[in-house]
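This report refers to the structure that appears directly beneath it.
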Amino acid sequence: MAEPAAVTRIDVRPAGDAPYSVQVGVGLLGDLVDTVQAVSAATRIAVLHPRALLATAETLREELSASAGHPEVVLLEVPDGEDAKDLPVAAYAWSVLGKVGFTRDDLVIGLGGGAVTDLAGFVAATWLRGVRVIHVPTTLLAMVDAAVGGKTAINTEAGKNLVGAFHQPAAVLCDLATLDTLPAEEFTAGLAEVVKTGLIADPVILDLLEDDPTGRSHLRELIERSIAVKADVVSADPKESGRREILNYGHTLGHAIERAEHYRWRHGAAVSVGLVFAGALSRRAAGLDDATADRHRELLTRIGLPVSYPADRWPELADAMRVDKKARAKRLRFVVLSGLAQPRILDDPDPEVLLAAYGEVAS
Ligand SMILES: NC(=O)c1ccc[n+]([C@@H]2O[C@H](COP(=O)([O-])OP(=O)(O)OC[C@H]3O[C@@H](n4cnc5c(N)ncnc54)[C@H](O)[C@@H]3O)[C@@H](O)[C@H]2O)c1
């Protein structure tokens with residue numbers, strides 16, 4: 001697909017919250033002033049960003065400060081990666097908002113990967129019980145997943161993402177040009193969520209990735225299709241009381257692997273193994289055909305993502321899955337496929353079937 005210069009707008013209409021647009025395009029950061037003015041009359045704006053995006057944040061500050069009304073713009077640099085999603089960092093952000101006299105009309109901007117958009121969303125959700133936030137995701141994973149849908153969180157001693165709130169953004173701006181500086185392994189990890197979306201809802205995504213497993217030649221279409229699925233699911237079930245659970249395909253085992261690896265594996269890498277496991281489980285317990293189950297491993301391997309995990313770690317992973325926040329009353333729940341793009345829930349599966357499915361990813 002040729003890349004049009006125009007901006008694509010994908011609407012999210014979460015019941016009970018204001019609708020918003022996810023904009024996708026190349027060189028969109030210059031449109032941020034217009035987006036800010038369309039959704040808020042802020043006189044103070046706080047931009048949360050990692051060190052890697054300092055230069056971008058400074059450019060945004062100049063443009064926003066020079067815009068109509070001359071809002072006061074403060075830059076809050078936060079630690080890199082998961083270290084941003086920490087209570088002292090949120091407390092630091094709250095203290096800055098307090099110092100500049102942030103009111104309900106003011107605006108938080110999350111500029112960065114999913115760690116920053118999760119933190120920025122959390123800070124915005126909690127300050128004065130909720131101020132507006134605009135997300136400017138700069139990783140593939142944040143564009144197709146973290147920045148869309150209103151889940152915000154920080155990590156605590158008790159675990160990852162256990163403290164948070166649902167807080168929908170007022171707008172999301174995906175500038176594909178920001179991906180130019182993203183390290184290759186971060187980009188590849190983001191493709192795991194794109195594959196997941198293809199498997200649960202939009203098989204054209206799989207065709208596009210099979211045509212070019214680097215994801216580069218169809219990048220814009222892959223991102224737009226993935227966001228469209230997420231927007232649709234989140235609009236139907238903003239607070240994860242039903243359909244939204246399908247987005248967790250591959251994540252039950254994926255989260256257990258992240259935990260077993262003390263969060264040193266990238267989320268997408270752990271999800272990749274989880275997807276192969278979910279395909280194997282779907283074949284054994286939900287009637288998924290062999291070709292589609294095998295397609296999980298073949299595609300993820302071609303992309304360069306991991307598809308196996310040590311055989312002897314199963315007891316530890318099974319224990320971790322039971323305490324996952326997606327488990328209910330310690331009964332394991334999995335999203336499985338009964339066919340391509342036909343997800344459903346498998347509740348409390350036979351442990352023997354789980355072990356056999358793990359056999360397909362065990363190395
Ligand atoms: N809220 C949700 O629905 C949701 C969904 C999925 C994931 N998440 C969360 O997202 C986080 C992972 O997000 P991520 O994969 O984007 O990782 P990340 O935010 O840690 O970013 C990865 C790395 O890339 C750097 N980076 C970001 N953009 C860059 C750019 N354009 N150029 C150069 N470097 C750049 C970051 O500084 C960081 O070092 C996790 O905390 C996960 O829990 C949230």
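Quick caveat: nothing in here was measured; it's all calculated off a predicted structure. Both ligands and their constituent atoms are indexed starting at 1 by order of listing. We're numbering straight along the sequence, starting at 1.
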Check: of Val234, Thr178, Leu247, Val116, min heavy-atom distance to atom 31 (N) of ligand 1 comes from Thr178
Considering non-hydrogen atoms of the protein only, which is the closest contact for atom 7 (C) of ligand 1, and what is the distance? Leu141 CD2, 3.6 Å
If only side-chain N and O atoms count, and only distance matters, is there a donor-acceptor pair under 3.5 Å linking Asn155 with Glu82? yes
Atom 16 (O) of ligand 1: which protein heavy atom is closest, and how many Å away? Thr139 OG1, 2.6 Å
Part of Glu186 within contact of ligand 1 (heavy atoms, under 4.0 Å): side chain
Tyr309 vs Trp265 aromatic rings, parallel, tilted or perpendicular, using cut-offs 30° and 60°? perpendicular
Side chains of Thr139 and Glu186, donor plus acceptor under 3.5 Å: no
Nearest protein heavy atom to atom 12 (C) of ligand 1: under 4.0 Å? yes
Proximity of Lys160 to ligand 1 by residue part, where a heavy atom lies under 4.0 Å: side chain
As a check for students: among Asp180, Asp145, Leu179, Leu111, identify the option with a heavy atom nearest to atom 6 (C) of ligand 1. Asp145
Does ligand 1 come near enough to His267 that some N or O of the ligand is less than 3.5 Å from an N or O of the residue? no
Going by distance only, is there an N or O of Arg244 that falls short of 3.5 Å from an N or O of ligand 1? no
Please list the nearest protein heavy atom to atom 26 (N) of ligand 1 with its residue and the distance rounded to 0.1 Å. Leu182 CD1, 4.0 Å
the protein heavy atom lying closest to atom 34 (N) of ligand 1 turns out to be Pro183 CD, 3.8 Å
Please state which protein non-hydrogen atom is closest to atom 41 (O) of ligand 1 and give its distance, to 0.1 Å? Glu82 OE2, 2.4 Å
Taking only residues two or more places apart in sequence, or in another chain, which ones meet Glu77 in a side-chain hydrogen bond (donor to acceptor under 3.5 Å, both in side chains)? Arg51
Atoms of ligand 1 under 4.0 Å from any heavy atom of Ala115, numbered from 1 in the order shown, are 10 (O), 11 (C), 13 (O), 19 (O), 20 (O)
How far is atom 43 (O) of ligand 1 from its nearest protein heavy atom, and which residue and atom is that? Lys85 NZ, 3.0 Å
Does Lys230 reach ligand 1, in the sense of a heavy atom lying below 4.0 Å from it? yes
Where on Asp80 is there a heavy atom closer than 4.0 Å to ligand 1, on the side chain, on the backbone, on both, or on neither? side chain
Check each heavy atom of Thr117 against ligand 1 and say whether those closer than 4.0 Å belong to the side chain, the backbone, both or neither. neither
Residue pair Glu261, Arg264: steps toward the salt bridge (charged side-chain N to carboxylate O under 4.0 Å, His left out) verdict: CA-CA 6 Å; Glu261 291 297 327; Arg264 286 188 295 258; 5.1 Å; no
After noting the C-alpha distance and the side-chain angles of Asp232 and Arg243, does the key distance pass the salt bridge (charged side-chain N to carboxylate O under 4.0 Å, His left out) rule? CA-CA 10 Å; Asp232 188 42; Arg243 182 152 183 246; 3.6 Å; yes
Are any of the side-chain nitrogens in Arg297 or Asp290 under 4.0 Å away from the carboxylate oxygens of its partner? no
Strictly by modelled atom types, are Thr152 and Asp118 linked by a side-chain donor-acceptor pair under 3.5 Å? no
Among all protein heavy atoms in this structure, tell me which lies nearest to atom 9 (C) of ligand 1, with the distance rounded to 0.1 Å. Asp118 OD2, 3.4 Å
Arg13 CZ to Ser21 OG distance, which is reported to the nearest 0.5 Å: 8.0 Å
For the residue pair Glu193 / His251, report whether a side-chain donor-acceptor contact shorter than 3.5 Å exists. yes
among protein heavy atoms, the one nearest atom 33 (C) of ligand 1 is Thr181 O, 3.2 Å
Arg344 meets the side-chain hydrogen bond (donor to acceptor under 3.5 Å, both in side chains) criterion, sequence neighbours left out, with none
Salt-bridge contact Arg44-Asp106 (side-chain N to carboxylate O under 4.0 Å): yes
If you measure from each heavy atom of Arg266 to ligand 1, is any distance below 4.0 Å? no
Among Gly268, Ala146, Gly164, whose heavy atom sits nearest atom 4 (C) of ligand 1? Ala146
Looking only at the side chains, is there a donor atom on one of Asp289 and Thr292 sitting less than 3.5 Å from an acceptor on the other? yes
